[in-house]
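Positions are given from 1, in the same order as the sequence printed here. One-based numbering, in listed order, for ligands and for the atoms of each.
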Amino acid sequence: MEPNVASKQRSYDSVKVSCTFNSLSASVLESGNVHAPIDEAQVLKNKSQEIEPYLSGRCIYLVGMMGSGKTTVGKILSGVLGYSFFDCDTLIEQSVDGTSVAEIFKLYGEGFFREKETEVLQKLSLMRQLVVSTGGGAVTRPINWRYMQKGISVWLDVPLEALAQRIAAVGTDSRPLLHQCESGDAYTEALNRLSTLWEERGEAYANANARVSLENIAVKLGHKDVSSLTPVTIAIEALEQIEGFLKEEDDMAIAGY
Ligand SMILES: Nc1ncnc2c1ncn2[C@@H]1O[C@H](COP(=O)(O)OP(=O)(O)OP(=O)(O)O)[C@@H](O)[C@H]1O
Ligand SMILES: O=C(O)C1=C[C@@H](O)[C@@H](O)[C@H](O)C1
Ligand SMILES: [Mg+2]
């Protein structure tokens, strides 16, 4: 049975207490005053169990630039929530007889790829209990947002320099929009191309219901930069931001909006 608003509210309060406890424990641990180990996996599991009933089966759509960790974090979230995981790029490849994203771009062009992307999102929007890792450019079409609004969208906001580092490490073979004819090292090429894409579409990511800023997590946990943040830490923050969105949604409903 759906919990009523009052009991939902009480439960959110307890979620808030445990969040505060977790971040306090983390900062105390960072400062070296306490030696109790924090089992991140347990924190992740607890948080997902607290939130899952309030999702009411709604899908989670991860959006973000190429290399922001949508696939990596998406798999972790689906595992802990007991949701199925789908990667839009993989579904598009399957719908074109297993042709890779890079080949689809080469053979049929970006417009064809974007049509397929919208078709995939439309189909996914009819389903429940999914974590969906969207393609980096899915945010550029308003129709895609209409489909994603059936669920909760979460933006993985990662500094361009960190994205370029990750991409330089694995290469751009599977990411056709990052292929370059420029000379230069892999990091600089990736950073230049990502910067251009960011100028074109950066604002579109802010349409998401929740934002996971790696810079904010690093500050909160006292890390020098974002490169040391693990996918599990980021998944925990994603759940906390989703929780914040659910709470806001609840407050709006109570206020009659
Ligand atoms: N927190 C992290 N720290 C370091 N490396 C990471 C982190 N998260 C993901 N990566 C690495 O960065 C690369 C990109 O991650 P991933 O494929 O999950 O991104 P994506 O958002 O799905 O990218 P795309 O839009 O191109 O599909 C991978 O090699 C992955 O292993
Ligand atoms: O950012 C983009 O536009 C893209 C990101 C990838 O996930 C793929 O969807 C494709 O390479 C395009
Ligand atoms: Mg991916």
Side-chain angles (χ1 to χ4, degrees), residues 40 44 60-79 85-96 99-121 124 131-141 144 148 153-180 186-187 190 193-205 208 212-218 221 223-238:
E40 268 203 316
L44 179 70
I60 293 171
Y61 292 91
L62 295 179
V63 302
M65 292 279 282
M66 275 180 269
S68 58
K70 302 178 295 292
T71 302
T72 309
V73 175
K75 285 181 181 168
I76 294 171
L77 288 176
S78 68
F85 174 75
F86 283 103
D87 189 311
C88 286
D89 287 338
T90 307
L91 293 175
I92 295 166
E93 290 174 342
Q94 285 168 359
S95 76
V96 191
T99 314
S100 71
V101 168
E103 280 292 302
I104 296 173
F105 268 72
K106 204 155 77 187
L107 294 173
Y108 310 110
E110 183 173 350
F112 175 88
F113 177 86
R114 297 294 170 208
E115 283 300 318
K116 291 284 162 199
E117 188 167 53
T118 297
E119 279 172 30
V120 160
L121 284 166
L124 292 172
V131 174
V132 177
S133 158
T134 66
V139 297
T140 56
R141 279 188 148 195
N144 295 345
M148 291 193 281
S153 48
V154 180
W155 169 27
L156 297 186
D157 183 8
V158 182
L160 295 184
E161 292 76 10
L163 294 178
Q165 259 161 21
R166 291 181 189 178
I167 286 164
V170 293
T172 59
D173 288 354
S174 65
R175 297 179 169 98
L177 289 182
L178 294 183
H179 288 165
Q180 299 266 347
Y187 170 81
R193 193 70 192 105
L194 286 164
S195 302
T196 307
L197 284 175
W198 177 255
E199 274 166 33
E200 289 164 12
R201 60 164 80 139
E203 274 181 13
Y205 294 111
V212 174
S213 157
L214 266 62
E215 279 176 341
N216 289 352
I217 308 175
L221 299 182
H223 287 234
K224 267 211 300 280
D225 64 71
V226 305
S227 64
S228 54
L229 299 175
T230 68
V232 170
T233 302
I234 296 163
I236 293 170
E237 177 72 9

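Scanning the protein heavy atoms around atom 2 (C) of ligand 1, the nearest turns out to be R166 NH2, 3.4 Å. For atom 20 (P) of ligand 1, the closest heavy atom belonging to the protein is K70 N, 3.5 Å. Looking only at heavy atoms of the protein, atom 16 (P) of ligand 1 is closest to T72 OG1, 3.6 Å.
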Verdict with reasoning, E40 to T233, per side chain to side chain donor-acceptor pair (under 3.5 Å): CA-CA 7 Å; E40 268 203 316; T233 302; 2.3 Å; yes
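Near G135, the atoms of ligand 2 lying under 4.0 angstrom from a non-hydrogen atom of the residue are 7 (O), 9 (O). Contact atoms of ligand 1 toward L229: 1 (N), 2 (C), 3 (N) (distance under 4.0 Å to a heavy atom of the residue). Near D89, meaning under 4.0 Å from any of its heavy atoms, are these atoms of ligand 1: 27 (O). Listed by number with element, the atoms of ligand 2 under 4.0 angstrom from any heavy atom of V101 are 10 (C), 11 (O).
The pair E119-R114 does not meet the salt-bridge criterion, since no charged nitrogen lies less than 4.0 angstrom from a carboxylate oxygen.
The nearest pair of heavy atoms linking G136 to Y205 is O-OH, 2.6 Å.
Where the criterion is an N or O separation shorter than 3.5 Å, residue side chain and backbone included, G136 meets it with respect to ligand 2. Considering backbone and side-chain N/O atoms, T71 comes within less than 3.5 Å of an N/O atom of ligand 1. Checking only distances, G135 never comes within under 3.5 Å of ligand 1, N or O to N or O.
Side chains of T118 and N144: a donor-acceptor N/O pair is present below 3.5 angstrom, by distance only.
When non-hydrogen atoms are compared, ligand 1 lies under 4.0 Å from neither the backbone nor the side chain of V73. Contact annotation for D87 and ligand 1: no heavy atom of the residue comes within less than 4.0 Å of the ligand.
Within the structure, the closest approach of P231 to ligand 1 falls below 4.0 Å when heavy atoms are considered. In this structure, R201 is part of the shell of residues with a heavy atom less than 4.0 angstrom from ligand 2.
When distances from atom 28 (C) of ligand 1 to the protein are checked, no heavy atom turns up under 4.0 Å.
The option with the heavy atom closest to atom 2 (C) of ligand 2, from among A102, G137, G67, is G137. Between M66, R114, E200, it is R114 that holds the heavy atom closest to atom 3 (O) of ligand 2. Across the listed options T71, D87, D89, T140, D89 owns the non-hydrogen atom lying nearest to atom 9 (O) of ligand 2.
Using cut-offs of 30° and 60° on the angle between ring planes, the pair W155 and W198 is parallel.
Here T71 meets the criterion, with an N, O or S atom under 2.8 Å of the Mg ion (ligand 3).
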